[in-house]
Amino acid sequence: MTDRTGRCMCGSVSFVGRNTPDSIGVCHCRMCRQWTGSALVGVTYKLDDVTWHGREHIQELQSTPWAKRGWCRNCGSGLYFQFTAEGTYADEIELPIGLFDDPNGFRMRSEIYIDEKPDSYAYAGEGHKRLSRADVIEILPVLASQD
């Protein structure tokens with residue numbers, strides 16, 4: 001694990017992520033596809049391991065009763081997805097890989113909502129988990145209210 005830096009498209013918001021994991025996850029759910037324009041490919045950090053600069057430029061939306069999303073109010077770059085519900089994942093934040101100054105060196109650990117992925121693309125590689133919507137809801141039942 002190492003420190004990584006990144007920023008939005010216009011540079012108004014930047015971050016330093018400490019203890020960066022070596023893996024990424026991909027979410028193909030409808031909301032992530034609408035938010036990113038494809039799939040959310042992200043790095044999961046503990047909240048305390050991310051330091052933001054330019055916080056005054058961050059806009060947030062409580063996108064579901066259990067999660068919020070943040071973006072740069074100047075350029076619109078998506079900055080994070082964060083669970084706000086108590087319990088599992090409440091102390092984590094997901095940062096899109098496209099924000100990173102150096103997005104190299106990560107390995108894919110999982111794809112979730114794989115049954116909702118459009119058939120027009122597929123991620124290469126073997127050895128990562130592929131979970132359906134039902135699989136994900138079994139792990140985290142609060143997500144059943146996403147529809």
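This one's a predicted model, so the numbers in the text were calculated from it and none came from an experiment.
Between Glu92 and Lys46 the shortest heavy-atom distance is OE2-NZ, 3.6 Å. The shortest heavy-atom contact between Ala39 and His28 is CB-ND1, 3.7 Å.
Considering Arg55, Lys68, Arg73 in turn, Lys68 is the only one that fulfils the salt bridge (charged side-chain N to carboxylate O under 4.0 Å, His left out) rule with Glu60. Of the candidates Pro21, Ser23, Pro96, Pro103, Pro21 is the only one forming a side-chain contact (heavy atoms from CB on, under 4.5 Å) with Val43.
With values rounded to the nearest 0.5 angstrom, Phe106 atom CZ is found 3.5 Å from Arg4 atom CZ. In this structure, Thr51 OG1 and Asp3 CG are separated by 9.0 Å, a value rounded to the nearest 0.5 Å. The CD atom of Gln59 sits 10.5 Å away from atom CG of Asn74, with the distance rounded to the nearest 0.5 Å. Atom OH of Tyr89 sits about 11.0 Å away from atom CZ of Phe81, to the nearest 0.5 Å. Distance check, rounded to the nearest 0.5 Å: CD of Gln62 to OG1 of Thr84 gives 4.0 Å. One distance of note links CE of Met31 with OH of Tyr113; it measures 10.0 Å at 0.5 Å rounding.
Between Phe15 and Tyr80, the distance from one ring center to the other does not fall under 6.0 angstrom.
Following chains of ILVMFWY side-chain contacts shorter than 4.5 Å, one can reach Val13 starting from Phe100, so the two form part of one hydrophobic cluster. Ile114 and Leu40 fall into different hydrophobic clusters, where Ile, Leu, Val, Met, Phe, Trp and Tyr residues are linked whenever their side-chain heavy atoms come under 4.5 Å apart, directly or through other members. In this structure, Val136 is not a member of the same hydrophobic cluster as Ile24, with clusters built from ILVMFWY side-chain heavy atoms closer than 4.5 Å. Connection of Leu47 to Leu95 is established within a shared hydrophobic cluster, with ILVMFWY side chains joined at heavy-atom distances below 4.5 Å, either directly or through further cluster members. At a threshold of 4.5 Å between side-chain heavy atoms, the hydrophobic network of Ile, Leu, Val, Met, Phe, Trp and Tyr places Val50 and Trp71 in two separate groups.
Open room surrounds CD on Glu86; 12 or fewer heavy atoms of other groups in view lie less than 6.0 Å from it. Shown here is Asp102, whose CG atom has more than 12 heavy atoms of other residues, nucleotides or ligands within 6.0 Å.
In this structure, Glu116 pairs ionically with Arg133, as a charged nitrogen and a carboxylate oxygen lie closer than 4.0 Å. Under 4.0 Å is where a charged nitrogen must lie from a carboxylate oxygen, and between Glu111 and Lys129 no such pair does.
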Chi angles and distances behind the side-chain contact (heavy atoms from CB on, under 4.5 Å) call for Cys8, Leu79: CA-CA 7 Å; Cys8 66; Leu79 300 172; 4.0 Å; yes
Start with the C-alpha distance between Arg69 and Cys32, add both sets of side-chain angles, then the distance that settles side-chain contact (heavy atoms from CB on, under 4.5 Å), and finish with yes or no. CA-CA 10 Å; Arg69 296 168 193 267; Cys32 283; 3.8 Å; yes
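Put simply, the side chain of Arg18 gets close to the backbone of Asp48: a donor and an acceptor are under 3.5 Å apart. A distance-only check finds a donor-acceptor pair linking the side chain of Thr20 to the backbone of Thr2 [under 3.5 Å]. Between the side chain of Ser77 and the main chain of Met9, a donor-acceptor pair closer than 3.5 Å is present.
A 4.5 Å side-chain heavy-atom check between Cys27 and Glu94 finds every atom pair outside the cut-off.
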